[in-house]
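I have placed the structure first, in the form of structure tokens, so that the comments after it can refer back to it.
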Amino acid sequence: MTRGRVAFASQNHHKLRELRVLLPGWEIQPLEVDVMPEEIGRTFYENASAKARFGRTLSEPDVLVIGEDSGLEVRGLGGEPGIRSARYAGPEASDAQNIAKLLAELGNAVEDARRARYVSELVCLAPGGEELRASGVLEGRIAEEPRGSGGFGYDPVFIPEGEDQTVAELGDEWKSHNSHRARAAAALRAAVGGTAEAL
């Protein structure tokens with residue numbers, strides 16, 4: 001096996017950048033495709049697994065393949081936007097448009113209704129076909145308006161539990177230790193024994 005090589009089955013450069021920080025020593029490269037399959041799974045895990053299996057068909061046999069799906073679940077919206085987080089305001093919606101729709105749907109909702117959580121599912125396929133699954137959750141609440149310029153997605157309106165600032169205000173260093181994706185990556189490192197070379 002070409003030790004440490006990993007194909008990331010995603011076209012999201014924000015997630016790729018984060019995973020390169022969160023999985024040190026893993027030589028992570030994006031999957032070279034023009035279009036990824038449509039996300040039709042009913043859960044974050046199903047979508048992450050489908051991405052990984054799609055990536056497996058296009059990658060060299062000795063390369064690990066990672067699929068990831070993540071999103072935001074808001075209590076007052078019955079778990080929405082959930083698996084539709086990236087396209088909540090439409091198929092080509094920007095982060096700002098998704099946030100605007102989220103805040104409009106919540107309206108003047110307070111306290112319990114604004115409880116939310118970020119969820120990340122990572123699925124890693126080893127060259128031998130073994131599937132490793134790792135999950136990460138970050139609990140918090142939705143702010144009444146966007147704050148901060150860091151991060152991406154819903155970071156400007158997500159206030160983690162125990163914090164007063166949004167993730168966009170807390171910044172990349174905080175995210176690298178505490179985010180839902182950081183927690184999923186830590187679980188994946190533990191599952192494989194630390195590095196991609198362990199599989």
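From a predicted model like this one, the values you see are computed outputs, not experimental measurements.
A distance-only check finds a donor-acceptor pair linking the side chain of Arg20 to the backbone of Ile28 [under 3.5 Å]. A distance-only check finds a donor-acceptor pair linking the side chain of Ser59 to the backbone of Gly55 [under 3.5 Å]. The backbone N or O of Gly41 sits less than 3.5 Å from a side-chain atom of Asn47, completing a donor-acceptor pair. Of the possible polar contacts, none joining the Asp95 side chain to the Phe152 backbone as a donor-acceptor pair under 3.5 Å is found. Within the 3.5 Å criterion, the main-chain N or O of Ala184 finds no donor-acceptor partner in the side chain of Ser135. Judged by distance alone, with hydrogens and angles left aside, the side-chain atoms of Glu46 form a donor-acceptor pair with the main-chain N or O of Arg42 at under 3.5 Å.
Linking ILVMFWY residues whenever their side-chain heavy atoms come closer than 4.5 Å, directly or via other members, places Val167 and Leu106 in the same cluster. No continuous path of ILVMFWY side-chain contacts below 4.5 Å connects Ile159 to Tyr154, so the two sit in separate hydrophobic clusters. Note: the hydrophobic cluster containing Ile83 does not contain Ile142 (ILVMFWY, side chain heavy atoms under 4.5 Å, direct or indirect links). Both Val157 and Tyr88 are members of a single hydrophobic cluster when ILVMFWY side chains are connected at heavy-atom separations under 4.5 Å. Clustering ILVMFWY residues whenever any of their side-chain heavy atoms sit less than 4.5 angstrom apart, transitively, puts Leu122 in a cluster other than the one holding Phe44.
Nearest heavy atom pair, residue Cys124 against residue Leu188, reads CB-CD1, 3.8 Å. Closest approach of Ala89 to Asn98, counting heavy atoms only: N-OD1, 2.8 Å. Of all non-hydrogen atoms in Gln97 and Ala93, the two that sit nearest each other are OE1-CA, 3.2 Å.
The distance from atom OG of Ser85 to atom CD of Glu73, rounded to the nearest 0.5 Å, is 8.0 Å. In this structure, CZ on Arg114 lies 6.5 Å from CG on Leu103, to the nearest 0.5 angstrom. Put simply, CG on Asp112 and CZ on Arg75 are 4.5 Å apart, with the number rounded to the nearest 0.5 Å. Separation of atoms CD (Glu105) and NZ (Lys101) is listed at 5.5 Å; rounding is to 0.5 Å. One distance of note links CZ of Phe8 with CD of Gln29; it measures 12.0 Å at 0.5 Å rounding. The CG atom of Asp155 lies 8.5 Å from the OG atom of Ser179; values are rounded to the nearest 0.5 Å.
Ion pairing between Arg17 and Asp172 holds under the 4.0 Å rule for side-chain N and carboxylate O. Comment: Glu163 does not engage Arg141 in a salt bridge, judged by the lack of any side-chain N to carboxylate O separation of less than 4.0 angstrom. Ion pairing of Arg53 with Glu131 is present here, as a side-chain N (NZ or NE/NH1/NH2) and a carboxylate O approach within less than 4.0 Å. Between Lys51 and Glu68 there is no salt bridge, since no side-chain nitrogen of the basic residue lies less than 4.0 Å from a carboxylate oxygen of the acidic one.
Looking at Val33 and Phe54, their side chains come closer than 4.5 Å, going by heavy atoms from C-beta outward. Annotation: side chain of Arg117 is not in contact with side chain of Leu72 (no heavy-atom distance under 4.5 Å).
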Item to check | side chain to side chain contact (heavy atoms under 4.5 Å, CB included) assessment of Arg115 paired with Val74 | outcome: CA-CA 6 Å; Arg115 294 289 303 172; Val74 181; over 6 Å; no
Next on the checklist: Arg5 vs Glu60, test: side chain to side chain contact (heavy atoms under 4.5 Å, CB included). Steps then yes/no.
Outcome noted: CA-CA 10 Å; Arg5 291 180 58 199; Glu60 298 174 24; 3.3 Å; yes
Next on the checklist: Checking Glu39 against Arg84 for the salt bridge (Lys or Arg N to Asp or Glu O under 4.0 Å) test, could you report, in this order, the C-alpha distance in whole Å, the side-chain angles of both residues, the deciding distance, and whether it holds?
Outcome noted: CA-CA 9 Å; Glu39 295 180 347; Arg84 299 189 302 120; over 6 Å; no
Checklist entry - Given Ser70 and Val119, is the side chain to side chain contact (heavy atoms under 4.5 Å, CB included) satisfied, shown in steps? => result CA-CA 5 Å; Ser70 54; Val119 180; over 6 Å; no
Checklist entry - Does the pair Val65 and Val123 meet the rule for a side chain to side chain contact (heavy atoms under 4.5 Å, CB included), with working shown? => result CA-CA 8 Å; Val65 180; Val123 172; over 6 Å; no
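With sequence neighbours left out, the ring-ring contact (aromatic ring centres under 6.0 Å, His included) criterion links Tyr118 to Phe158, His180.
Around the CD atom of Glu139, the shell of radius 6.0 Å holds more than 12 heavy atoms that belong to other residues, nucleotides or ligands.
Judged purely by distance below 3.5 Å, without hydrogens or angles, the side chains of His14 and Glu18 never pair a donor atom with an acceptor atom. Side-chain atoms of Arg183 and Ser120 form no donor-acceptor pair, as typed in the model, at a separation below 3.5 Å.
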